J.: 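I have a structure I would like to understand better, so I am pasting it below and will then ask my questions one at a time.
Per chain, numbering begins at 1; letters A, B, ... match sequence-line order. Here the structure is a predicted model, which means the values were calculated and not measured.
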Number of protein chains: 2
Amino acid sequence: MIPPSPQLAVSTVIFALRGTGTDSPATLWLPLVRRIREPFKGRWALPGGPIRASESLADAAGRNLLETTALTPNYLEQLYAFGTVDRSPGARVVSIVYWALVQAEEAERAAEGENVRWFPADELPGLAFDHNAIVDYALWRLRNKMEYSRIANAFLGERFTLAQLREVYEAVLLRSLDPANFRRQIDATKAIVPTEERQSGGRHRPPRLYRYNESFDLADNGPLPPSSSPSPTSSSSSSSSSSSSSASPSPRSTP
Amino acid sequence: MIPPSPQLAVSTVIFALRGTGTDSPATLWLPLVRRIREPFKGRWALPGGPIRASESLADAAGRNLLETTALTPNYLEQLYAFGTVDRSPGARVVSIVYWALVQAEEAERAAEGENVRWFPADELPGLAFDHNAIVDYALWRLRNKMEYSRIANAFLGERFTLAQLREVYEAVLLRSLDPANFRRQIDATKAIVPTEERQSGGRHRPPRLYRYNESFDLADNGPLPPSSSPSPTSSSSSSSSSSSSSASPSPRSTP
DNA sequence: GCAAAAGTGTTGGGTATACACCCATGG
DNA sequence: CCATGGGTGTATACCCAACACTTTTGC
């Protein structure tokens, strides 16, 4: 008996910044897991898994992320559903992929082991399935969205300096920005507010610390519900009502 | 036996412009189908159906569209995957939704019948499932994308005047545009090129006809493969390899 | 000629970029 | 007092909305 519809899975592209605060520029990294069975046994792949009956897609992605890296993301958004027929040898799998941003500090203490390792986002090895293409698309979305939203904040902690925020932009967009103009552009958006604190200890004039403006979302995703943080949902439902059906004459609909 | 993963389906939001060339402003319309079984029997819903083993997601959406309205879209793009647990009473269904643009002229002769009808996009009745929310999101995407891409062309035929193109923008964005500035903005993009033809028969100075610049895509969707027009695919695959699995200790991956 | 739409020119205001300059701190 | 980055000022270029104006057709 052939399956009436393709298998369904969720995967996640997780980005973090590494090497912030050093002399060399910070870069994007992401965690991958080693496959322990065929196909592509031994190759690195995006963390992923099946979707449980009781959890939404975003919840499945969040759980996934937590189980792989023990991290909770500051930002989580659906990327795309990948479903070409040949993307998984010997099976038909449709993957709904999410992308996440975690802050550098947390990523430092992230789980890493024999089967989980962080890689620089633009020096990836040959991954399993179509995962290289998926990462490419995630990177494109990240860089695009960086220019018209405030997601950069998701890479940082509660308090940060403008230089740190600028470093995020420079690392992701791969070009240097004028500090003076950057300052003006940022506070023209009112997305962050200055605190009275300053960061001392540097060997220069101590910069002011800023925080998020809570009344702003990190990104405007339109009328979609904001992606919930990964807390387990409770409602459940069961079984049945499958659609077999007639051909062209009668138009169909599904949820 | 509970299903190992939710059911999978594809739905499509199809937009066309109606009332172009009349005195009153043109408006957005979309076709809906009437549900002929529970749940939501009798309610209007987005056209949709299951995904066949041999077709990609975009192909499924295109087939769907063809079967419902006998139209082929000028533009087809994935919208979003909807998968909250409670969106379909008595079942767990994940819907991958596409949106499409068809040209007005074609939409006029589109299939319409007892169970298929066109509605104005912003005066919809209460639809089945979460379909009202889906249409809202599709409208948001359409209006957004209208401002930074050339998808407006997908509403028009091979040759068109600038006034017609402007009418498309005005109908979608719901505001009037200055003809002079519109002209400059459009041809600054080099997305359309003037022909030597003019449209006579009006009672004014005959406007020049334009055509697409073939070397431009309608939208920049990054490294994603451009959505194919709905021609049947041939490759197929069969069966098996399901993932049961262990809990948190060992990180997982899926296609 | 007149109405109406096609198409061009001009101008003022806002925004971005480049860069000069001052400020505050550690050494 | 000097090196270094924090932070401000400003001149220029560019883009965009508004609107005056010319052109070309049908009647």
J.: Using a strict heavy-atom distance below 4.0 Å, which residues from residues 155-174 of chain B are in contact with DNA chain D?
T.: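 Nothing qualifies; none.
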
J.: What is the distance, rounded to the nearest whole Å, between atom CZ of Phe182(B) and atom C1' of dA6(C)?
T.: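 Taking atom C1' of dA6(C) as the reference, CZ of Phe182(B) is at 14 Å.
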
J.: Any ion pair linking Arg117(B) and Glu112(B) (charged N to carboxylate O, less than 4.0 Å)?
T.: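 A salt bridge is absent here (no side-chain N lies under 4.0 Å from a carboxylate O).
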
J.: Report the distance from atom CG of Asp187(B) to atom P of dC16(D), rounded to the nearest whole Å.
T.: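 That distance rounds to 13 Å.
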
J.: Between C1' on dG5(D) and CZ on Arg183(A), what's the gap in Å once rounded to a whole number?
T.: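 Value for this atom pair: 11 Å.
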
J.: Mind checking whether His131(B) and Phe129(B) have parallel, tilted or perpendicular rings, split at 30° and 60°?
T.: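 Judged by the thresholds at 30° and 60°, the geometry between His131(B) and Phe129(B) is tilted.
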
J.: In the 5'-to-3' direction, what one-character label does each nucleotide of nucleotides 17-27 of chain D receive under the scheme B = base within less than 4.0 Å of a protein heavy atom, S = sugar-phosphate only, - = no such atom?
T.: BBB---BBBS-

J.: Arg208(A) has an atom CZ; how far is it from atom C1' of dG5(D), in whole Å?
T.: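 Whole-Å distance recorded here is 16 Å.
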
J.: I'd like to know if Glu170(A) pairs up with Arg166(A) as an ion pair, taking the criterion as any Lys NZ or Arg NE/NH1/NH2 lying under 4.0 Å from an Asp or Glu carboxylate oxygen.
T.: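 Looking at Arg166(A) together with Glu170(A), the answer is yes, because their closest N to O distance falls below 4.0 Å.
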
J.: Please check: side-chain N/O of Glu77(B) versus main-chain N/O of Ala100(B), any donor-acceptor pairing under 3.5 Å?
T.: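 Such a contact is absent between Glu77(B) side chain and Ala100(B) backbone.
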
J.: Hey, does Arg211(B) have a side-chain heavy atom less than 4.5 Å from the side chain of Thr195(B)?
T.: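 Yes, side chains in contact.
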
J.: With a 3.5 Å cut-off and no angle check, do the side chains of Ser95(A) and Arg87(A) form a donor-acceptor pair?
T.: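 Ser95(A) vs Arg87(A): donor-acceptor pair found between side chains.
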
J.: Please tell me whether Asn153(B) and Arg150(B) have a donor and an acceptor in their side chains that are separated by less than 3.5 angstrom.
T.: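 No pair is found: no donor N or O on one side chain lies under 3.5 Å from an acceptor on the other.
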
J.: In whole angstrom, give the distance that lies between atom CZ of Arg175(A) and atom C1' of dT17(C).
T.: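 To the nearest whole Å, that distance equals 12 Å.
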
J.: Going by salt bridge (charged side-chain N to carboxylate O under 4.0 Å, His left out), name the residues that satisfy it together with Glu114(B), two or more places apart in sequence or in a different chain.
T.: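 Here the qualifying residues are Arg34(B).
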
J.: Rounded to the Å, how far apart are Leu177(A) CG and dG6(D) P?
T.: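 Rounded to the whole Å, the gap is 14 Å.
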
